[in-house]
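In what follows, every chain begins at residue 1, and chains take the letters A, B, ... in the order their sequences are listed. Computed from a predicted model, the values in this text were never measured in an experiment.
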Protein chains: 2
Amino acid sequence: MTSRQNRTRDRAERGIPEATVARLPVYLRALHALQDRGVATVSSEELAAAAGVNSAKLRKDLSHLGSYGTRGVGYEVEYLVYQISRELGLTQDWVVAIIGVGNLGRALAGYGGFASRGFRVAGLLDADESVIGQEISGMTVEHIDRLEEIIAERGVSIVVIATPAAAAQTVCDRVVAAGVTSVLNFAPVVLTVPEGVDVRKVDLSIELQILAFHEQRKAGGPDGYDPMAGGVSGNGRASGYVEAVEA
Amino acid sequence: MTSRQNRTRDRAERGIPEATVARLPVYLRALHALQDRGVATVSSEELAAAAGVNSAKLRKDLSHLGSYGTRGVGYEVEYLVYQISRELGLTQDWVVAIIGVGNLGRALAGYGGFASRGFRVAGLLDADESVIGQEISGMTVEHIDRLEEIIAERGVSIVVIATPAAAAQTVCDRVVAAGVTSVLNFAPVVLTVPEGVDVRKVDLSIELQILAFHEQRKAGGPDGYDPMAGGVSGNGRASGYVEAVEA
DNA sequence: AAGCCTTTGTGAATAGGCGCACAAAGTCAC
DNA sequence: GTGACTTTGTGCGCCTATTCACAAAGGCTT
């Protein structure tokens, strides 16, 4: 075990594992649900069940943030909510711009989950003249030409790319040049960005293909594969990877 | 090295690694792009660059499907497209139903990427009377009451859940009871399903929170963390985990 | 036909994540 | 104040994934 005096450096020491970071939002959501039900305290076992993970994993994840539990009792919900929120950077507001106002862009613009967790949509941009000026979810669509100006003036720090595939890299380059270092990409392309820029991608088509792969396995494989072999865990969890939506 | 005579069993032997399966669709997309440009042959280095991965990883991934490359030359694009498609089960058609026709459901219904890769949307269902009968992307929205009937009659094998969070588990239970074993979940809840059912989730809110975490790190951390430490790789790749959209 | 050059396929080393199982720590009842 | 009970925090071994680095394989030129 690490010596006691190192505890302070250990917690949150350069590096909460990526896998842990990816689960913190899930825990946070479960905690909010508990809070709404008026629950004040929760054990790792209960919270793990709600989040769909192993309780040891949950405890290890939380231990990366520090020692916020009480042995024999559990975790105080409110305190944990605060600590996770702080760790994820949700105690501050993040200004988001959405580029591309097609079907998906509209859906994202109307998505309630933004505001609820400290994300504020400050811009809706598109290149298509026919949608410029349109009102969507209380915002007016602006021209992509004003991209740099809007990013600078409104302090946009996260950009969501929901353009057709062909436009995504160009838009991304401009966005990065304008100083943005966090991009959420829904376009079905692999974006190339400089060191220090963080890109995450969401890709419906890839998810479906992964499902198809497993479904096929269950059904008996492409050609003479053993049916039912290599099946899927099927406990509602799916780790992995995600990419984006075809335009 | 594995003996030559085991080669046949090795390829696709019970278990292409999950991580590999998740990347195959990315390779496939890159290959299609090459095909469109009329490229007949590609080296692992080139294809890896297009897919945004390490070339050794690409070769190892492909080696799980068998030996489809020619040393000194590379891979034949068309042949590789076929092999990957077959492995992913894209040589057959998959019948998909979308439950929940809110903003997101509509975007998904209108999403062109479905048809293009062997996925056919055969149903659009909702519980809200006011949208039943509406025409969306050439399909009529049907009542969720007919869920079981529609799944059975049309041979639906993959269901996309785009309902509000509160309804997702109930819908999922019904879908599973009706025999579906592959679910793509956009609702911001952890779905519980029996063994053998495969659930993948897509969650915008979680992606944003992960971005916020890294963005905060870059900016200097929650309280006195070392700025610029533990930054993100930032090469356009982001592995991880994804969950779903708040209703 | 022989040798050079390119590129694959994969062993081996490394890194990272997972989950068991348990000692340590704290609560609660009496 | 003491002891029984609960639950955390984590050491440890296992397993998967990643990356390097190179021998084997094949094509191409002369």
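- Residues A:Val180 and A:Ile158 are not in side-chain contact: their nearest non-hydrogen atoms beyond the backbone lie 4.5 Å or more apart.
- Ion pairing between a basic and an acidic side chain is recognised when a charged N comes within 4.0 Å of a carboxylate O; A:Arg23 and A:Glu18 show no such pairing.
- When the P atom of D:dC20 is taken as reference, atom CG of B:Leu58 falls 14 Å away, rounded to whole Å.
- Rounded to whole angstrom, the span from the CD atom of B:Gln83 across to the P atom of C:dT8 amounts to 17 Å.
- Distance, A:Arg23 CZ to C:dG19 P: 8 Å, rounded to whole Å.
- Between the P atom of C:dG17 and the NE2 atom of A:His64 lies a distance of 9 Å, rounded to the nearest Å.
- Under 3.5 Å, the side chain of A:Arg71 and the base of D:dT8 form at least one donor-acceptor pair of N or O atoms.
- Listed candidates were C:dG17, D:dG27, D:dT8. Nearest to the side chain of A:Arg59 is D:dT8.
- Between C:dA21, D:dG11, D:dT18, one nucleotide has an atom nearer to the side chain of A:Ala56 than all others, and that is C:dA21.
- Between the side chains of A:Glu215 and B:Ser182, at least one donor N or O sits under 3.5 Å from an acceptor N or O.
- Within the 4.0 Å cut-off from OP1 or OP2 of C:dT7, not a single side-chain nitrogen or oxygen of B:Ser43 is found.
- With rounding to whole Å, A:Tyr75 atom OH is found 12 Å from D:dT7 atom P.
- Protein atom CG of A:Leu47 is 15 Å distant from nucleotide atom C1' of D:dG9, rounded to whole Å.
- Side-chain N/O atoms of B:Lys60 and base N/O atoms of D:dT18 include no donor-acceptor pair closer than 3.5 Å.
- As a whole-Å value, the separation of A:Lys57 NZ from C:dG19 P is 4 Å.
- Phosphate contact (OP1/OP2 of D:dC20, side-chain N/O of B:Asn54, threshold under 4.0 Å): present.
- Each of B:Ala19 and B:Thr70 lies near DNA chain D, and the nucleotide nearest B:Ala19 is the one positioned closer to the 5' end.
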List the steps, then state whether side-chain contact (heavy atoms from CB on, under 4.5 Å) holds for A:Thr170 with A:Thr163. CA-CA 10 Å; A:Thr170 305; A:Thr163 65; over 6 Å; no
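- Taking side-chain N and O atoms only, B:Ser44 has a distance below 4.0 Å to OP1 or OP2 of C:dT8.
- Contact of the B:Leu31 side chain with the B:Val42 side chain is registered, since non-hydrogen atoms from C-beta on lie closer than 4.5 Å.
- Mapped onto DNA chain C by nearest heavy atom, A:Asp61 and B:Gly74 fall at different nucleotides, with B:Gly74 at the one closer to the 5' end.
- Rounding to whole angstrom units, CD of residue A:Glu76 and C1' of D:dT8 are separated by 16 Å.
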